Structure formats: C-alpha cells, structure tokens
Novice: 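Submitted below is the structure of interest, expressed as structure tokens.
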Amino acid sequence: MNLPYFVSKRINSTEKGSFSGTIHKIAIASVALGIAIMVVSFMILGGFQNSIKDKIYSFSGHIQIKKFTLTNSYEEAPIVLDDERKEMVLADAHVRHIQEFAHKPGLISMNDEVFGLLFKGMGPSFDTTAFRPYMVEGTFPVLSDTGRFTNEVIISEKQARQMQVGVGDRIVSYFIMDPPRTRSLTVKGIFSSGLEDFDSQIVIGDIKLIRSLNAWEDNQVGGYEVFINDLDKIEEADDDLVQYLSVEHYTERMDVKFSNIFDWLNLLAQNVHILIGLILFVACFNMISVLFILIMERTSMIGSFKAFGATNKLIRRIFTFNGVRLVLKGLLVGNAIALLFGWVQYTYKVIPLEASTYYMDHVPIDWDWVKFAGLNLLTLVLVGLTLVLPTAIISRVSPVKAIRFD
C-alpha cells in the first residue's frame with residue numbers, strides 16, 4: 001500500500017465546515033479561477049488573431065505576385081504568368097490555391113453624393129468558399145473566362161448603408177482615365193469584413209471590366225493572390241515563389257503589407273503572456289500559503305509520525321500528494337468553467353464588440369486544445385514544484401515539541 005497517498009487521501013476527507021475543509025476550498029477556488037482566466041484569455045486571443053488574419057487573407061491572399069513599377073498607385077501594371085510558371089507555383093508543396101486580380105480606382109455617384117471606390121476585379125478562379133462567411137446578403141456574381149464582362153458587383157455593408165442601396169439596385173461608377181469612363185453596375189451581394197481598409201472602398205466585380213477599361217489582353221492581370229497551406233511557413237513559401245518568377249516580378253507578403261494590424265495582434269499576445277505569468281505567480285503563492293497552513297494545523301500528526309519512525313521524506317510526500325490533489329481538483333473545476341464560458345460565447349455571442357474598433361462585432365472564441373493542454377500541464381508542473389518549498393519545514397519539526405503542540 002502507498003502509505004503517503006493513503007494518508008493524504010484521509011487528510012483530504014475532512015468534515016464539511018472544518019477549518020481544513022475551508023482551506024481546501026480556498027485552494028481549489030484559487031487554482032480554478034487562475035486556470036479559467038488563462039484558458040479564456042487564450043480562447044479570446046486566438047479568436048482575435050485567427051478572425052482578423054482570416055479576414056485579411058480572404059481579401060488579399062497570403063502572398064501576392066505583382067510586376068515591378070516605379071509608381072505608387074492603386075492600379076497594378078499588367079503582368080502575365082505563363083502556363084509553365086503557373087504550373088510550377090501550383091506544384092509547390094506550400095501552395096494551396098492561386099487566383100488572379102486587378103484594381104482600378106474610381107468614384108460612385110449616388111443620391112447627389114460622390115463616394116470613392118477601389119474596384120477589385122476577380123476571375124473565375126476566385127475562391128468564393130473562403131469569402132462566403134463574410135457575405136451578409138445576396139450572392140456572388142457569376143464570373144467566366146469567356147464572353148463580355150458582367151456588370152454585377154458585391155459591395156460592403158458600410159457602402160450600402162452610406163449610399164442607401166440594396167441587392168438589385170444599380171449604381172453608376174466613374175473611372176478616372178483620359179477620357180473618364182462611366183459604367184453602370186448592379187449590386188449582386190453585400191459583404192462585411194469589419195476591416196475599415198476593405199469595407200470603406202472595396203467593390204468586387206469582374207476582372208474583364210478592368211481589362212476592357214485598360215485595353216489589356218485576355219490573359220493580362222494586375223497580379224496573383226497565392227494561398228498557402230501552413231501560415232507558419234509563409235517565409236519558406238515566399239522564398240520558393242521568388243524562384244519561379246521572372247526578374248520583372250516580385251512577391252509581397254500580406255503580413256508585411258498590413259504590418260500595423262499584425263503588430264497590434266502581437267502586442268495583444270504579449271499582454272496575455274504577461275497576464276498568465278502574473279496569474280501563475282499568484283497561484284503558486286496561494287498554494288504555498290495553503291500548504292503552510294495545512295502543515296501547521298497537522299503539526300501534532302507530523303510529530304506522531306516522526307515518533308513512530310516515519311522519515312522526513314515520507315511525511316513530505318504526504319503533504320505533496322495533498323497539494324497535488326488540490327491542484328488537480330482546481331484544474332478540473334477551472335477548465336469546466338472556461339469551457340462552459342467558451343461554448344456559450346461561441347454559440348450565442350453574448351459579449352458584443354464595437355466593430356469599427358475591434359474589426360468584429362462580438363468576442364471571438366478559438367478552440368486550440370493543444371494550448372489548453374499546455375496551460376494545464378504548465379500550471380500543474382509549476383505549482384507542483386512550488387509545493388516542495390513549504391514541505392521543507394517538516395524536517396525542522398521536533399517530535400517532542402510537535403506532540404505537545406496545540
């Protein structure tokens with residue numbers, strides 16, 4: 001029989017309302033609160049990071065291929081990626097999808113008001129599946145390689161509200177050229193990304209419209225958006241893509257282009273890591289205090305065990321088992337609270353956010369089970385190691401004095 005474990009189990013089986021029972025509840029509550037806050041923090045942090053990254057990458061791809069130009073314009077110089085180079089890009093192990101695009105700035109005249117627009121032309125390779133979560137109303141225009149361009153477009157919810165238009169309405173766009181060109185467009189759908197840079201100006205339509213305005217060839221595009229399989233390997237993917245391009249082409253990573261947003265996300269992660277460090281420190285301090293109190297309360301028992309020949313190591317193991325048992329109970333309760341909160345928020349979105357400030361209208365939740373397991377393991381190991389400190393006092397307890405201790 002494992003004597004330290006048996007005695008530790010009996011110590012934990014205290015009567016309700018006793019002093020030891022109250023101390024046990026405080027220890028469990030402190031660990032539970034700490035792990036719950038840490039897990040929820042990582043849920044929300046991961047939700048923020050993934051939601052914002054997904055929005056940026058859905059609208060721009062992970063890496064863009066463009067042509068070198070000396071101008072700083074919204075419009076791209078036309079490029080053609082020949083079939084051989086395109087096949088090499090698609091064959092790369094990092095690449096999941098590639099789609100063509102082009103931009104054209106202009107104006108929209110509606111209700112005697114003028115609004116700026118950045119027309120983004122897409123082709124039939126446009127990944128509508130990745131974009132669908134941001135659709136609020138309507139459907140995507142039907143894009144094809146052949147025939148005349150379609151005048152159907154999708155606009156942002158913010159633009160629709162400002163221009164007071166809905167699905168099926170017509171808008172008149174003016175493209176700044178020499179001479180200026182006018183096109184009548186039909187709103188086919190409405191999207192909302194929550195990102196000001198996209199919602200305030202992007203209008204998505206047929207790339208053939210831009211080709212007709214710019215007098216491009218049928219195979220010319222403004223650039224290519226490349227989607228990769230693993231974001232952690234975006235640098236490797238970027239290095240590989242450069243090898244497949246000609247000297248007049250270059251690649252641009254979206255995490256670099258939108259570095260202000262990604263820096264903000266990294267700052268959030270740093271704040272969460274500092275918070276977790278403080279919580280772990282408090283949890284360790286609380287467990288040390290609790291174990292000190294339990295040892296002091298059981299001084300007579302310690303003296304009796306020593307009088308019967310028990311070693312310091314055996315007695316220390318009794319209280320270490322006691323502390324670990326309390327930590328495990330706290331972890332169980334804390335994880336239950338955190339997972340319940342995460343499920344409620346994920347399902348019902350009970351905590352709203354200001355979309356203009358946080359890029360989304362509710363607190364997002366990310367289910368990263370590996371991180372959750374890591375947090376629990378880290379808490380168990382650190383708090384478990386700190387239990388060694390208070391048990392060291394056991395070696396200084398004199399059996400004679402301890403038995404007389406009241």
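Throughout, numbering of the chain's residues begins at 1 and tracks the sequence. Since the structure is predicted, the reported quantities are computational estimates derived from the model, not experimental observations.
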Novice: Measuring from N151:CG to K188:NZ, what's the distance to the nearest 0.5 Å?
Specialist: 10.5 Å
Novice: Quick check: do N260 and W264 have side-chain heavy atoms less than 4.5 Å from each other?
Specialist: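 N260 vs W264: side chains apart.
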Novice: With distance as the sole test, does Q64 use its side chain to make a donor-acceptor pair with the main-chain N or O of G223 at under 3.5 Å?
Specialist: no
Novice: Please assess I63 against K257 for the test side-chain contact (heavy atoms from CB on, under 4.5 Å), listing each intermediate value before the final yes or no.
Specialist: CA-CA 10 Å; I63 303 172; K257 181 177 181 179; over 6 Å; no
Novice: Testing the basics here: between F119 and L185, what is the closest heavy-atom pair and its distance to 0.1 Å?
Specialist: CE1-CD1, 4.3 Å
Novice: Taking only residues two or more places apart in sequence, or in another chain, which ones meet S259 in a side-chain contact (heavy atoms from CB on, under 4.5 Å)?
Specialist: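 With sequence neighbours excluded, S259 shows a side-chain contact (heavy atoms from CB on, under 4.5 Å) to D263, given in chain and number order.
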Novice: Assess whether side-chain contact (heavy atoms from CB on, under 4.5 Å) is satisfied between F115 and Q159, documenting all intermediate values.
Specialist: CA-CA 9 Å; F115 305 90; Q159 292 170 323; over 6 Å; no
Novice: If the plane angle is over 60° it's perpendicular, under 30° parallel, otherwise tilted; pick one for Y346 and W367.
Specialist: perpendicular
Novice: Please report the closest heavy-atom contact between T150 and V142, naming both atoms and the distance.
Specialist: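 Nearest pair, atom of T150 first, then V142: CG2-O, 3.8 Å.
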Novice: Specify the closest pair of heavy atoms between F48 and P364, including all atoms of both residues, with the distance to one decimal.
Specialist: N-CG, 3.4 Å
Novice: Looking at P124 and D145, what are the two nearest heavy atoms and their distance?
Specialist: CG-OD1, 3.2 Å
Novice: Report, as yes or no, whether the 6.0 Å neighbourhood of atom CG on D83 holds more than 12 heavy atoms from other residues, nucleotides or ligands.
Specialist: no
Novice: Does any part of the side chain of I210, heavy atoms only, come nearer than 4.5 Å to the side chain of W216, both counted from C-beta?
Specialist: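 Result yes, sub-4.5 Å side-chain heavy-atom pair found.
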Novice: Rounded to the nearest 0.5 Å, how far apart are CG of L380 and CG of L375?
Specialist: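 Atom-to-atom, L380:CG and L375:CG are 12.5 Å apart.
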Novice: Strictly distance-based, threshold 3.5 Å: is any side-chain N or O of Q201 a donor or acceptor partner for the main-chain N or O of D197?
Specialist: yes
Novice: Which of these passes ring-ring contact (aromatic ring centres under 6.0 Å, His included) with F131: F198, F227, F126?
Specialist: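 Exactly one option meets the ring-ring contact (aromatic ring centres under 6.0 Å, His included) with F131, and it is F126.
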Novice: Can you list every salt bridge (Lys or Arg N to Asp or Glu O under 4.0 Å) pair that touches residues 48-70, not counting sequence neighbours?
Specialist: K66-E252
Novice: First locate atom CD1 of I234, then atom CD1 of I228, and finally report the distance between them rounded to the nearest 0.5 Å.
Specialist: 4.5 Å
Novice: Under the side-chain hydrogen bond (donor to acceptor under 3.5 Å, both in side chains) rule, what pairs show up with a residue in residues 98-107, not counting sequence neighbours?
Specialist: E75-K104, E76-H103, H97-Q99, Q99-E225, E100-S125, K104-N214
Novice: Kindly check if the number of other-residue, nucleotide or ligand heavy atoms within 6.0 Å of OH (Y348) is above 12?
Specialist: no
Novice: Which residues pass the side-chain hydrogen bond (donor to acceptor under 3.5 Å, both in side chains) test with S184, sequence neighbours left out?
Specialist: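 Result, side-chain hydrogen bond (donor to acceptor under 3.5 Å, both in side chains) vs S184: R170.
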Novice: List the residues meeting side-chain hydrogen bond (donor to acceptor under 3.5 Å, both in side chains) with S51, not counting sequence neighbours, and say none if there are none.
Specialist: none
Novice: Given V172 and M110, is the side-chain contact (heavy atoms from CB on, under 4.5 Å) satisfied, shown in steps?
Specialist: CA-CA 7 Å; V172 179; M110 200 72 188; over 6 Å; no
Novice: Suppose we screen for salt bridge (Lys or Arg N to Asp or Glu O under 4.0 Å). Which residues come up paired with D82, at least two apart in sequence or across chains?
Specialist: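 Partners of D82 under the salt bridge (Lys or Arg N to Asp or Glu O under 4.0 Å) test: R85.
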Novice: Answer yes or no: is there a side-chain heavy-atom contact under 4.5 Å between Y224 and L81?
Specialist: yes
Novice: Is the backbone of E217 close enough, under 3.5 Å, to the side chain of Q220 for a donor and an acceptor to pair up by distance?
Specialist: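 Yes; at least one donor-acceptor contact below 3.5 Å.
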Novice: Heavy atoms, side chains only, cut-off 4.5 Å: are V221 and F101 in contact?
Specialist: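 The answer is no; the side chains never approach within 4.5 Å.
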Novice: What residue pairs, at least two apart or across chains, pass salt bridge (Lys or Arg N to Asp or Glu O under 4.0 Å) with a residue in residues 228-244?
Specialist: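 Not a single pair qualifies under salt bridge (Lys or Arg N to Asp or Glu O under 4.0 Å).
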Novice: Just by modelled atom types, is the V350 backbone N or O under 3.5 Å from a matching donor or acceptor in the Q345 side chain?
Specialist: yes
Novice: So that I know where these two stand, are Y134 and F191 an aromatic pair - ring centroids less than 6.0 Å apart?
Specialist: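 No, they do not, as the ring centres are separated by 6.0 Å or more.
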Novice: Can you give me the closest heavy-atom contact between N229 and A93, atom names plus distance?
Specialist: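 Where N229 meets A93 most closely, the heavy atoms are ND2-O, 3.0 Å.
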Novice: Got a list of side-chain donor-acceptor pairs under 3.5 Å for residues 272-289, not counting sequence neighbours?
Specialist:
unit_1 : atom_1 : unit_2 : atom_2 : d
H273   : ND1    : A269   : O      : 3.2
N286   : ND2    : V282   : O      : 3.4
S289   : OG     : F285   : O      : 3.0

Novice: Is K313 atom NZ crowded by more than 12 heavy atoms from other residues, nucleotides or ligands, each under 6.0 Å away?
Specialist: no
Novice: Rounded to the nearest 0.5 Å, how far does OG1 of T320 lie from CZ of R325?
Specialist: 13.0 Å
Novice: State which residues pass side-chain contact (heavy atoms from CB on, under 4.5 Å) with S200; sequence neighbours excluded, sorted by chain then number.
Specialist: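 Applying side-chain contact (heavy atoms from CB on, under 4.5 Å) to S200 gives K158, E196.
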Novice: In Å, rounded to the nearest 0.5 Å, how long is the span from CG of N266 to CD1 of I261?
Specialist: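 Taking CG in N266 and CD1 in I261, the distance rounds to 12.0 Å.
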Novice: Could you check whether F42 and F372 have their ring centres less than 6.0 Å apart?
Specialist: no
Novice: Keeping the roles fixed (side chain from S212, backbone from L209), state whether a donor-acceptor pair exists under 3.5 Å.
Specialist: yes
Novice: Is there a side-chain contact between L213 and R183 in this structure, where contact means two heavy atoms from C-beta onward sitting under 4.5 Å apart?
Specialist: yes
Novice: We want to know whether D199 and S193 form a side-chain donor-acceptor pair, criterion being a heavy-atom distance below 3.5 angstrom.
Specialist: yes
Novice: For R181, which residues count as a side-chain hydrogen bond (donor to acceptor under 3.5 Å, both in side chains) partner, sequence neighbours excluded?
Specialist: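 Here no residue qualifies.
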Novice: Would you name the heavy atoms of V167 and G189 that are closest together and state the gap between them?
Specialist: CG2-CA, 4.2 Å
Novice: Passes side-chain contact (heavy atoms from CB on, under 4.5 Å), V383 versus T386? Steps please.
Specialist: CA-CA 5 Å; V383 178; T386 57; 4.3 Å; yes
Novice: When rounded to the nearest 0.5 angstrom, what is the spacing between OH in Y358 and CG in L353?
Specialist: 6.5 Å
Novice: Does E113 have any side-chain hydrogen bond (donor to acceptor under 3.5 Å, both in side chains) partners at least two apart in sequence or in another chain, and if so, which?
Specialist: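 E113: no side-chain hydrogen bond (donor to acceptor under 3.5 Å, both in side chains) contacts found.
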Novice: Just so I know, are the side chains of V256 and F262 near enough to count as touching, which here means a heavy-atom distance under 4.5 Å?
Specialist: no
Novice: Could you tell me if the ring centre of F59 sits under 6.0 Å from that of F258?
Specialist: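 Not under 6.0 Å, so no.
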Novice: Would you say the side chain of R211 lies within less than 4.5 Å of the side chain of D206, judging by non-hydrogen atoms?
Specialist: no
Novice: Is there a side-chain contact between V89 and L241 in this structure, where contact means two heavy atoms from C-beta onward sitting under 4.5 Å apart?
Specialist: yes
Novice: With N335, which residues qualify under side-chain contact (heavy atoms from CB on, under 4.5 Å), at least two apart?
Specialist: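 Only I35, V39, L331, N376 meet the side-chain contact (heavy atoms from CB on, under 4.5 Å) criterion with N335.
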